[in-house]
Amino acid sequence: MINYQEILDKIYNEVYAEQYRGKVADYIPALARVPVDKFGMAICTIDGREFIVGDAHENFSIQSISKVFTLTLAIDKAADTLWQRVGREPSGNRFNSLVQLEYENGIPRNPFINAGAIVVTDSIFEGIGKTKNNILRFVRELSNNQTISFDEEVAESERIYGDRNRALANFIRSYGNLNHAADDVLDVYFHQCAIPMSCIDLARGFLFLANKGFSPIANKQILNIRQAKRINSLMITCGLYDAVGDFVYRVGLPGKSGVGGGILAIIPNQLVVAVWSPGLNEAGNSLLGTLALELFTTYASNSIF
Ligand code: GLU
């Protein structure tokens with residue numbers, strides 16, 4: 001049996017020896033304040049084992065990782081129309097790019113770029129308060145942590161500095177691909193990005209994706225096998241912004257990152273691994289988080305390939 005604790009400890013020591021840790025996201029003040037030397041990692045296996053190292057219990061802003069939670073809700077609720085409104089191809093552009101949207105008539109390339117995630121949130125929208133509650137209830141249930149809540153300061157910062165997301169939402173709406181008022185959908189979107197969670201919360205919360213759609217944490221079938229396969233597949237092709245090729249090349253797993261410095265990755269039928277290091281590389285992915293996951297699949301000789 002692979003000794004995951006030994007591997008995590010080894011990775012921790014190696015990562016701490018790195019001199020350059022990347023640059024903390026600074027587009028909103030609440031994220032710019034996070035100390036760059038934080039590092040945590042957690043593994044949850046589908047048979048109930050958990051391993052942690054470093055700041056694995058400390059909360060950070062999940063940011064774009066929330067797009068996987070909302071896509072999961074949408075795939076279950078709005079699947080019939082969802083794929084007419086959002087594509088399934090890597091974008092090759094920045095996560096908040098506007099250019100492609102114009103020549104592709106307001107249909108975002110995939111659900112993990114901002115434009116696509118805004119459409120996904122629109123597809124599960126049932127009023128601001130209710131949608132926010134639905135998301136929170138879902139995340140709490142999946143992670144078995146009732147203390148998870150929105151960070152209102154981060155959400156407000158996202159709103160204040162959200163001109164580009166407002167541009168995206170209004171542009172999509174001009175093509176008839178947003179059913180609700182742009183500001184209402186964005187209110188939910190800014191809040192979902194502003195959920196603080198720890199590595200252990202995330203590793204537990206996404207266990208259903210490693211386990212054919214069944215969450216051992218919530219003791220519930222969240223998605224069917226085919227839906228779970230599809231979300232994993234989308235993470236392989238679109239989960240790490242426009243650096244997904246490099247990530248999959250190095251790590252060999254489906255994953256999803258956020259500008260808070262978190263990355264979650266799945267080994268189907270085995271485990272979820274979540275890592276957090278707030279310093280980002282140029283593509284907006286956690287620099288040391290990516291390195292840690294690369295070391296993880298290398299030392300464990302365990303990936304999807
Ligand atoms: N709240 C960020 C935005 O919408 C999320 C970015 C991210 O994590 O990729 O710009």
Side-chain angles (χ1 to χ4, degrees), residues 22-34 59-71 86 90-101 108-122 132 135 139 150-172 178 182-197 199 202 205-206 234-235 237-244 246-247 255-265 274-287 289-290:
K23 217 171 141 277
V24 173
D26 56 5
Y27 72 99
I28 58 173
L31 291 185
R33 282 202 298 271
V34 179
N59 281 347
F60 57 91
S61 197
I62 66 168
Q63 293 293 323
S64 272
I65 297 175
S66 68
K67 294 169 181 171
V68 191
F69 287 124
T70 47
L71 179 64
V86 190
S91 75
N93 283 303
R94 295 284 299 170
F95 66 95
N96 55 8
S97 163
L98 278 147
V99 285
Q100 228 162 25
L101 266 182
R109 268 287 170 101
N110 69 66
F112 293 148
I113 51 174
N114 285 11
I118 290 167
V119 171
V120 168
T121 299
D122 183 63
K132 285 201 269 196
I135 293 171
V139 172
F150 298 116
D151 182 329
E152 292 295 342
E153 188 200 345
V154 173
E156 178 59 9
S157 264
E158 299 274 357
R159 190 186 65 74
I160 293 171
Y161 295 92
D163 288 331
R164 186 169 271 267
N165 284 320
R166 268 188 290 282
L168 287 169
N170 283 296
F171 199 45
I172 294 167
L178 206 71
D183 281 337
D184 292 355
V185 176
L186 286 173
D187 189 330
V188 177
Y189 173 77
F190 292 144
H191 277 82
Q192 74 182 59
C193 288
I195 299 176
M197 290 174 78
C199 290
L202 286 172
F206 285 107
L234 282 163
M235 289 201 293
T237 51
C238 312
L240 278 283
Y241 311 127
D242 50 336
V244 69
D246 183 62
F247 179 85
K256 182 75 199 87
S257 61
V259 293
I263 310 178
L264 91 113
V275 63
W276 173 49
S277 173
L280 308 179
N281 62 21
E282 273 158 20
N285 296 314
S286 171
L287 181 83
T290 307

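Atoms within a ligand are numbered from 1 in the order they appear, just like the ligands themselves.
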Exercise. By number and element, which atoms of ligand 1 are closer than 4.0 Å to a non-hydrogen atom of Ser64?
Worked result: 5 (C), 6 (C), 7 (C), 8 (O), 9 (O)
For this session: Examine distances only and state if a side-chain atom of Asp187 and a backbone atom of Phe190 form a donor-acceptor pair shorter than 3.5 Å.
Result: no
For this session: Return a yes/no value for Ser257: is any of its N or O atoms, backbone included, closer than 3.5 angstrom to an N or O of ligand 1?
Result: no
Seminar exercise, completed: Under 4.0 Å from one or more heavy atoms of Asn165, ligand 1 contributes atoms 3 (C), 4 (O), 10 (O)
For this session: With heavy atoms of Gly258 as the reference, note each atom of ligand 1 found under 4.0 Å away.
Result: 8 (O)
For this session: Indicate, as side chain, backbone, both or neither, the part of Phe190 found under 4.0 angstrom from ligand 1 when only non-hydrogen atoms are considered.
Result: neither
For this session: State whether the side chain of Ser66 and the backbone N or O of Ile62 hold a donor-acceptor pair below 3.5 Å, judged by distance alone.
Result: no
For this session: Run the numbers for me: atoms of ligand 1, each under 4.0 Å from some heavy atom of Tyr241, listed by number.
Result: 7 (C), 8 (O), 9 (O)
Exercise. Judging by distance only, is a nitrogen or oxygen of Val259 under 3.5 angstrom from one on ligand 1?
Worked result: yes
Exercise. Below 6.0 angstrom between ring centroids: does that apply to Tyr241 and Phe112?
Worked result: no
Exercise. With a 4.5 Å limit on heavy-atom distance, are the side chains of Thr237 and Val244 in contact?
Worked result: no
Exercise. Under 3.5 Å, is there a donor-acceptor pair linking the side chains of Asn285 and Thr290?
Worked result: no
For this session: Kindly check if the number of other-residue, nucleotide or ligand heavy atoms within 6.0 Å of OH (Tyr161) is above 12?
Result: no
Exercise. Atoms of ligand 1 less than 4.0 Å from Glu158 heavy atoms?
Worked result: 1 (N), 2 (C)
Seminar exercise, completed: Atoms of ligand 1 under 4.0 Å from any heavy atom of Gln63, numbered from 1 in the order shown, are 1 (N), 2 (C), 5 (C), 8 (O)
Exercise. Backbone, side chain, both or neither: what part of Cys193 comes under 4.0 angstrom of ligand 1, heavy atoms only?
Worked result: side chain
Exercise. Using a distance-only test with no angle check, is there a side-chain donor-acceptor pair under 3.5 angstrom linking Gln63 and Glu158?
Worked result: yes
For this session: Using a 4.0 Å heavy-atom cut-off, say whether Asn96 meets ligand 1 through its side chain, its backbone, both or neither.
Result: neither
Exercise. Which atoms of ligand 1 have any heavy atom of Phe95 under 4.0 Å away?
Worked result: 6 (C), 9 (O), 10 (O)
Exercise. Without hydrogens or angle criteria, can the side chains of Asn165 and Asn114 be said to hold a donor-acceptor pair below 3.5 Å?
Worked result: yes
